[in-house]
Amino acid sequence: MDRAKLTIISKVPNDTILWTQTTECHGCKLRKTVAIERNNNCTVSLDTRWKMQYQITYDFNKTHPSQVGSCPKVTLKLDEYGVYYIYIQKNPHNSSNIKCDTALQMNMPADSNIPIYVAIGIFVGVALLWVFAINCHRRHWWNRVLLSAGAERLIDPPPNESKEQGELIKEKQTGERGRAVRRRAGRSRESQTKGRHAYASQDLGSMHNMNTNINPVDNEENRPKKERLKSLDTFRGISIVIMIFVNYKGGGYWFFHHARWNGLTVADLVFPWFVFIMGTSMAFSYSSLLQKCVPKWKIFLKILKRSCILFVLGLIVNTAGGHSPVSLPHLRIPGVLQRFALTYLITASVHLLFIREADIHMHSYWSRARDILYYWPEWIFNFLFVALHCGLTFGMEVPHCPNYLYKPLIGMIDCEIYNTKTPYDPEGILGTITSCFMCFLGLQAGKILLYFKDVRGRVVRFLSWGFVLCLIAAILCKFSKDDGWIPINKNLWSLSFVLCLAGMAFIILTVCYLTIDVWKIWNGAPFYYPGMNSILVYMGHEVLHNAFPVKWAVPQTHASLLPLNLWGTFFWVFVAIFLFCRKVFIAI
């Protein structure tokens, strides 16, 4: 997968060298790929995920391409499974130079994205059929069709009877329907009369209700129910489903893997979104605990307990699937759940210090901004986190990485792409600082839901936050992948990366909120169900990712891997649906 064959046919009496490099490696020099002997042929396998730069030179200098006697550098997008030929010969006008023909493609391979198109078509088709069936069930269309068909059979006279008999049957049925309608109307008038008498006696205050609290707010049945947003659980489910799919390698497609360095892929979206949702849920849970008069020190113990459990579960994930006992000196401490644990501990503790127990200024002239003004000390704390991250990023000199001080993030080089040994950890301590800010922005979404109950106010604020954060991120990266002040970089959780993903989260939450909780044109299925059991689904897929029936050996092609990875994802969705039907919910 992701490879093409390039055959070089040499007709020159000297050795030549093929130099290559992908455009994904920003600012990198070409690297020596293969030496081609004189008057000989050579075939190499090249990467097709990104555009490829190549150059063929004489064997004058083996450390970098020489411009003497070389062919010009060419940038070409190779097709996956493509077969290419390059013919090189002496330059007839200059004997010290070589002449290279343009790469000639000898085959026309099928589009490698066809399995994705088929999978999307099947998913959309099943979703439309599901929505149609649900609407038919809710609006009783099936019953209407069956009843109307039955009524037609009853009303129509049998073919062997005369026309007069058919008319008599119709008149008899019509009379029965009329009597039934009159009986229902009589019962309705009687119930309305009783209701008026009951209402009058309640107004006058009978002995029966004088000792009863008649305030409808205090009655158990009339108390306002606690708001639970299905959109938030659905958004969590979307994140966990995409996370499982990309962890199963996403059919082997490069855009379902994490970006090598700068930039964004599908796999880079889900981790920050999950952190964002964790912050949004935090606003509801702590507000509910305070309304139940739970002391803050007990709430902090809950925070500490949950953080410790997440951290231990992360260590279990790091050691799962090994074929030998764990070596404790070499145990990897950082991880996804460990990042969640630290982020949750820090953000929740800071929020607990400044949380408001009541919305006492909802009618003030500045009430439209009270979700921010109530928590101005919390904003200062989080801006200090951002300043700390930027200070370490721009001001700390990294050994063996001199460009890092002057070109932050770009100078910090990925080992695999840039062929260096610069250490970094995408779940390390430095990125935890900006992940706390990501969680805090999610907490801001929760505050909007708490303090503003009208749909228009929530939607306007969500969209405003979303577009403003995305715009700030675009300005920081200068609307480019590699040339900005702070490029979007998931490996380092750069500030622009956090702002961009938080802005996207606000927008997606808005779409889910409108379609699920407001317009009710979607019930969140199937993502709602894994969103209700997210920790179990995540742990299950991490620990059992190589176990049957989730995974088995298949040919290493997109057409084979994509159905297998989709099946593994849907398997855990089915598990979540089963647990939901059995009313089994596991939370920390």
Side-chain angles (χ1 to χ4, degrees), residues 116-144 225-246 266 269-270 272-274 276-281 283-284 442 445-446 448-450 452-467 501-534 537-538 566 569-583 585:
I116 295 181
Y117 305 148
V118 174
I120 293 175
I122 294 174
F123 180 80
V124 171
V126 172
L128 292 177
L129 288 175
W130 177 260
V131 171
F132 177 75
I134 291 296
N135 285 331
C136 288
H137 176 71
R138 288 178 177 175
R139 300 183 182 184
H140 307 289
W141 287 350
W142 303 123
N143 295 337
R144 292 178 184 177
K225 296 182 179 180
K226 180 182 177 182
E227 182 182 27
R228 179 164 186 103
L229 298 176
K230 290 187 69 175
S231 55
L232 190 60
D233 296 318
T234 302
F235 190 14
R236 185 188 297 108
I238 293 173
S239 301
I240 194 68
V241 168
I242 298 177
M243 182 182 291
I244 293 172
F245 177 65
V246 299
V266 176
L269 307 178
V270 290
W273 285 352
F274 220 96
F276 181 93
I277 297 166
M278 181 172 66
T280 307
S281 304
F284 287 95
I448 292 173
L449 292 170
L450 281 177
F452 304 99
K453 300 302 181 181
D454 59 305
V455 174
R456 185 176 181 276
R458 289 176 171 180
V459 171
V460 169
R461 286 170 175 82
F462 281 164
L463 293 179
S464 300
W465 276 96
F467 286 114
L501 270 296
M504 294 171 64
F506 270 107
I507 295 172
I508 294 176
L509 182 58
T510 305
V511 174
C512 292
Y513 174 66
L514 288 175
T515 56
I516 298 172
D517 293 313
V518 179
W519 298 332
K520 300 185 184 303
I521 59 177
W522 179 33
N523 64 351
F527 304 106
Y528 173 71
Y529 306 106
M532 295 292 291
N533 258 314
S534 56
V537 172
Y538 178 81
L566 287 173
T569 305
F570 289 141
F571 175 85
W572 293 109
V573 174
F574 296 151
V575 170
I577 294 174
F578 174 78
L579 294 175
F580 182 88
C581 294
R582 299 298 298 269
K583 300 187 185 306
F585 304 102

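Both backbone and side-chain heavy atoms feed into the values below; hydrogens, waters and symmetry mates do not.
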task = Name all residues meeting the ring pair (Phe, Tyr, Trp, His ring centres under 6.0 Å) criterion together with Phe571; count only those two or more places apart in sequence or in a different chain, and write none if there are none.
result = Trp567
request  = Using the side-chain contact (heavy atoms from CB on, under 4.5 Å) rule, take Lys453 and Arg458 through it: C-alpha gap first, then chi angles, then the decisive distance, then the call.
outcome  = CA-CA 7 Å; Lys453 300 302 181 181; Arg458 289 176 171 180; 3.6 Å; yes
task = Go through Leu229 and Tyr513 one step at a time and tell me if the side-chain contact (heavy atoms from CB on, under 4.5 Å) criterion holds.
result = CA-CA 8 Å; Leu229 298 176; Tyr513 174 66; 4.1 Å; yes
request  = Measure the shortest side-chain to side-chain distance between Pro272 and Phe276 over non-hydrogen atoms and say whether it is less than 4.5 angstrom.
outcome  = no
ask   = In chain order, what residues pass the side chain to side chain contact (heavy atoms under 4.5 Å, CB included) check against Leu129, with sequence neighbours excluded?
value = none
key: Set of residues satisfying side chain to side chain contact (heavy atoms under 4.5 Å, CB included) with respect to Ile507, sequence neighbours excluded   = Phe467
inquiry  = So, using ring pair (Phe, Tyr, Trp, His ring centres under 6.0 Å) as the criterion, who are the partners of Phe527 when residues are at least two apart?
reply    = none
Lys/Arg N to Asp/Glu carboxylate O, Asp233 vs Arg236, below 4.0 Å = yes
message = For the CG atom of Leu501 and the CZ atom of Phe506, what is their distance to the nearest 0.5 Å?
response = 12.5 Å
query = Under the side chain to side chain donor-acceptor pair (under 3.5 Å) test, which residues partner Ser534, sequence neighbours left out?
reply = none
message = Going by the rule ring pair (Phe, Tyr, Trp, His ring centres under 6.0 Å), which residues pair with Phe585 if we only count those two or more places apart in sequence or in a different chain?
response = Phe580
remark   = When every non-hydrogen atom of Leu450 is compared with those of Ala283, the smallest separation belongs to CD1-O, 3.5 Å
query = Passes side-chain contact (heavy atoms from CB on, under 4.5 Å), Ile516 versus Tyr528? Steps please.
reply = CA-CA 10 Å; Ile516 298 172; Tyr528 173 71; over 6 Å; no
remark   = Across all chains, not counting sequence neighbours, the side chain to side chain donor-acceptor pair (under 3.5 Å) partners of Trp572 are Tyr248
inquiry  = Which residues pass the side chain to side chain contact (heavy atoms under 4.5 Å, CB included) test with Ile508, not counting sequence neighbours?
reply    = Phe235, Trp273, Cys512
note = d(Leu509 CG, Ile277 CD1) to nearest 0.5 Å is 8.0 Å
remark   = Residues passing the side chain to side chain donor-acceptor pair (under 3.5 Å) test with Thr569, sequence neighbours excluded, are none
key: side chain to side chain contact (heavy atoms under 4.5 Å, CB included) involving Ala576 - partner list, sequence neighbours excluded   = Tyr529, Pro530, Val537
Under 3.5 Å donor-acceptor, Thr280 side chain and Gly442 backbone = yes
task = Please collect all side-chain hydrogen bond (donor to acceptor under 3.5 Å, both in side chains) contacts where either partner lies in residues 121-132, sequence neighbours excluded, each pair once.
result = none
task = Assess whether side-chain contact (heavy atoms from CB on, under 4.5 Å) is satisfied between Phe462 and Leu449, documenting all intermediate values.
result = CA-CA 10 Å; Phe462 281 164; Leu449 292 170; 3.7 Å; yes
ask   = What is the minimum heavy-atom distance between Met504 and Leu269, and which atoms define it?
value = CE-CD2, 3.9 Å
Inter-residue atom distance Asn523.CG - Thr515.OG1, 0.5 Å rounding = 10.0 Å
ask   = Out of curiosity, Thr234 OG1 to Met532 CE, how far, rounded to the nearest 0.5 Å?
value = 9.5 Å
